[in-house]
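Just so you know, these numbers use all the heavy atoms, side chains as well, and skip hydrogens, waters and symmetry mates. Both ligands and their constituent atoms are indexed starting at 1 by order of listing. In this text the structure is predicted, and so the values were computed from the model without any measurement.
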Amino acid sequence: MPLSVEIKKVTIADIDTLLNLSRKTFFDAFAHLNNAADMESYAANAFIKQRFEEELRNPGSEFYFALFEGNIAGYIKLNYNTAQTELQDPAALEIERIYILNEYQGKQIGKQLIDFAIDTAISQKLSYVWLGVWEHNTKAISFYKNKGFEQFGSHPFMLGSDEQTDIMMKLAL
Ligand SMILES: CC(C)(COP(=O)(O)OP(=O)(O)OC[C@H]1O[C@@H](n2cnc3c(N)ncnc32)[C@H](O)[C@@H]1OP(=O)(O)O)[C@@H](O)C(=O)NCCC(=O)NCCS
């Protein structure tokens, strides 16, 4: 029986909490696997207030917190239409980010967030959900495969000066 998780839409009033959580979870997940200068260079552009303000105000993007026992355990970012980082297919939903804090991983919180995204896409009669994931992020790839996602392509991703490969995965609905 999965533990109960509350999923709450993030608003502009939550910007500092979202920014701190996004930065922390990104560094926790990837700092030990990458060059520190590349991490900082990416973060200096990605995790800044102005960028988050734009993302939160974009009508095609939605962020949601996962709350476990009242505490923020993670978040997900969904993109529709032209807010998608690629494809920009109106029939698709992109999961651009899904991150659970280390101490909350393995409690089926990520699963509940991804189920929420899939249910949202189904209720909007979309055809598929897709995402990009670093080829070396084997844990996340297993997690997505477990949910039925399959690889359909790949694309380059710049982490600072390091050109990496993201695998693109999709789940047909
Ligand atoms: C990937 C991530 C979102 C998964 O969330 P989570 O809450 O830890 O995962 P859950 O506990 O919900 O696991 C859900 C299912 O996936 C499976 N799963 C999770 N991690 C797995 C792994 N490493 N290998 C195989 N299966 C895995 C679980 O067994 C579970 O399956 P079940 O429902 O059959 O029991 C989370 O670990 C995370 O935030 N990682 C760091 C950031 C990251 O890599 N984000 C993705 C960037 S693209």
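Checked by distance only, ligand 1 and Ala29 stay at 3.5 Å or farther apart across all their nitrogen or oxygen atoms. Annotation: Gln112 places no N or O atom under 3.5 Å from an N or O atom of ligand 1; distance criterion only. Residue-to-ligand polar distances keep Val133 apart from ligand 1: every N/O pair is separated by 3.5 Å or more. Note: no N/O pair closer than 3.5 Å links Gly132 and ligand 1 by distance alone. Considering backbone and side-chain atoms together, Tyr99 places no N or O closer than 3.5 Å to any N or O of ligand 1. Polar contact check, Tyr104 against ligand 1: no nitrogen or oxygen pair lies under 3.5 Å apart. Inclusion of Phe30 in the set of residues having an N or O under 3.5 Å from an N or O of ligand 1 is not warranted.
A donor-acceptor pair is defined here as one N or O able to donate and one able to accept, closer than 3.5 Å; such a pair exists between the side chain of Asp38 and the backbone of Ser161. One N or O on the side chain of Gln105 and one on the backbone of Ile100 form a donor-acceptor pair closer than 3.5 Å. In this structure a side-chain-to-backbone donor-acceptor pair under 3.5 Å is missing from Asp119 to Phe116. No donor-acceptor pair under 3.5 Å is formed between the side chain of Asn146 and the backbone N or O of Ser142. Proximity of a side-chain donor or acceptor of Asn137 to a complementary backbone N or O of Val133 within less than 3.5 Å is not detected. Judged purely by atom type and a 3.5 angstrom limit, Gln88 uses its side chain to pair as donor or acceptor with the backbone of Gln84.
Every side-chain contact (heavy atoms from CB on, under 4.5 Å) that Lys147 has, sequence neighbours left out, goes to Lys111, Ile114, Asp115, Ile118, Phe149.
Criterion: ILVMFWY side-chain heavy atoms under 4.5 Å apart, direct or through other members. Under it, Tyr75 and Val10 are part of a common hydrophobic cluster. Met168 and Leu131 sit in two unconnected hydrophobic clusters of ILVMFWY residues. Membership requires side-chain heavy atoms under 4.5 Å apart, directly or through other members. Grouping the Ile, Leu, Val, Met, Phe, Trp and Tyr side chains by contacts below 4.5 angstrom, directly or via other members, places Trp130 apart from Tyr99.
Residue Lys111 has at least one heavy-atom neighbour below 4.0 Å for each of these atoms of ligand 1: 12 (O), 14 (C), 33 (O). Interface atoms of ligand 1 facing Ser142, defined by a heavy-atom separation under 4.0 Å, are 22 (C), 24 (N), 25 (C). Close approach to Ile109 involves these atoms of ligand 1, each under 4.0 Å from a residue heavy atom: 7 (O), 12 (O).
In this structure, Tyr42 and Phe47 have perpendicular ring planes: the angle between them is above 60°, well past the 30° mark.
Between Glu96 and Thr85, the side chains place no donor N or O within less than 3.5 Å of an acceptor N or O (distance only, hydrogens not considered). In this model, a donor atom of one side chain and an acceptor atom of the other lie less than 3.5 Å apart for Tyr128 and Asp89.
Looking at atom 44 (O) of ligand 1, its nearest protein heavy atom turns out to be Asn137 ND2, 2.8 Å. With hydrogens left out, the protein atom closest to atom 45 (N) of ligand 1 is Ile98 O, 2.8 Å, a heavy atom. For atom 41 (C) of ligand 1, the closest non-hydrogen atom of the protein is Gln105 NE2, 3.6 Å. Summary of contacts: the protein heavy atom closest to atom 5 (O) of ligand 1 is Gly110 CA, 3.5 Å. If you check which protein heavy atom lies closest to atom 21 (C) of ligand 1, you get Lys139 O, 4.1 Å. Looking only at heavy atoms of the protein, atom 19 (C) of ligand 1 is closest to Phe143 CD1, 4.1 Å. Looking only at heavy atoms of the protein, atom 8 (O) of ligand 1 is closest to Gly106 N, 2.9 Å. Ranking the protein heavy atoms by distance from atom 35 (O) of ligand 1 puts Gln108 NE2, 3.0 Å first.
Classification of Arg51 and Glu55 as a salt-bridged pair holds, one side-chain N sitting under 4.0 Å from a carboxylate O.
With a heavy-atom cut-off of 4.0 Å, Thr25 does not touch ligand 1 at all. The backbone of Lys107, and not its side chain, has at least one atom closer than 4.0 Å to an atom of ligand 1 (non-hydrogen atoms only; backbone = N, CA, C, O). By the criterion of a heavy-atom distance under 4.0 Å, the side chain of Asn146, and not its backbone, is placed next to ligand 1. Here Tyr144 has side-chain heavy atoms under 4.0 Å from ligand 1, and that is the only part of it that gets that close.
Within 4.0 Å of atom 38 (C) of ligand 1, at least one protein heavy atom is present.
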